[in-house]
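Working notes, beginning with the structure itself.
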Amino acid sequence: MAEDVFEKRQLIYSETQGICRVENIVTLSAKRGEPGVPYYVLRPIFDREQVSYIPVENHQVALRKLFSREEAKELLDSGTADNDENLRNAVSYVLGDSVSPRRLGNS
């Protein structure tokens with residue numbers, strides 16, 4: 001399965017950090033003279049102090065396009081987000097004020 005390719009300033013979902021903005025795409029190399037590897041520079045929207053560098057290809061962290069309102073409603077209704085704080089926050093963000101904290105398990 002092909003990995004999604006993201007663009008600068010795009011909001012995406014990371015299984016480990018929740019919703020992140022792709023701040024940049026940079027090329028890093030371990031040693032001078034070696035070919036560089038492209039990395040996403042991700043900044044979680046709920047923790048602006050944190051920054052992560054994730055390889056564009058073959059990353060171990062699941063990254064995906066931010067889900068639609070319909071997908072967020074399905075996640076909420078199915079209970080999938082109940083035990084995952086990052087997913088709960090992302091569902092709440094996508095659905096906006098239409099979700100009560102109690103429905104998201106934050107009573």
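What you see below is based on every heavy atom in this structure, not just the backbone, and it leaves out hydrogens, waters and symmetry mates.
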Which residues satisfy the ring pair (Phe, Tyr, Trp, His ring centres under 6.0 Å) test with Tyr93, sequence neighbours excluded?
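Partners of Tyr93 under the ring pair (Phe, Tyr, Trp, His ring centres under 6.0 Å) test: none.
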Main-chain N/O of Ser14 paired with Gln17 side-chain donor or acceptor, under 3.5 Å
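Checked: no pair found.
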Output yes when a side-chain donor or acceptor of Ser78 lies under 3.5 Å from a complementary backbone atom of Glu74, and no otherwise.
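Side chain of Ser78 to backbone of Glu74: a pair is present.
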Not counting sequence neighbours, list each pair that qualifies as a salt bridge (charged side-chain N to carboxylate O under 4.0 Å, His left out) and has a residue in residues 8-17.
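Checked against salt bridge (charged side-chain N to carboxylate O under 4.0 Å, His left out) - neighbours excluded - no pair reaches residues 8-17.
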Please list every donor-acceptor pair under 3.5 Å in which a side-chain atom of residues 36-46 meets a protein atom from a residue at least two apart or in another chain.
{"from": "Tyr40", "atom 1": "OH", "to": "Phe6", "atom 2": "N", "distance (Å)": "3.0"}
{"from": "Arg43", "atom 1": "NE", "to": "Glu23", "atom 2": "OE1", "distance (Å)": "3.3"}
{"from": "Arg43", "atom 1": "NE", "to": "Glu23", "atom 2": "OE2", "distance (Å)": "3.4"}
{"from": "Arg43", "atom 1": "NH1", "to": "Arg48", "atom 2": "O", "distance (Å)": "2.4"}

So how far is it from [X] [atom1] to [Y] [atom2], rounded to the nearest 0.5 Å?
X     : Y     : atom1 : atom2 : result
Leu75 : Phe67 : CG    : CZ    : 5.5 Å
Leu95 : Arg69 : CG    : CZ    : 5.5 Å
Ile12 : Ile19 : CD1   : CD1   : 10.5 Å
Lys65 : Leu11 : NZ    : CG    : 13.5 Å
Asp47 : Ser52 : CG    : OG    : 9.0 Å

Once side chain to side chain contact (heavy atoms under 4.5 Å, CB included) is applied, do any residues pair with Ser68, and if so which ones, sequence neighbours excluded?
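Ser68 satisfies side chain to side chain contact (heavy atoms under 4.5 Å, CB included) with Glu70, Glu71 once adjacent residues are dropped.
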What about Val61 and Val56, same hydrophobic cluster or not, with Ile/Leu/Val/Met/Phe/Trp/Tyr joined at side-chain heavy-atom distances under 4.5 Å?
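Shared cluster, yes.
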Please tabulate, one pair per line, all N/O donor-acceptor pairs under 3.5 Å involving side-chain atoms of residues 25-34, not counting sequence neighbours.
{"from": "Ser29", "atom 1": "OG", "to": "Lys31", "atom 2": "O", "distance (Å)": "3.4"}

Closest heavy-atom contact between Gly18 and Asn86?
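Result for this residue pair: N-CG, 3.6 Å.
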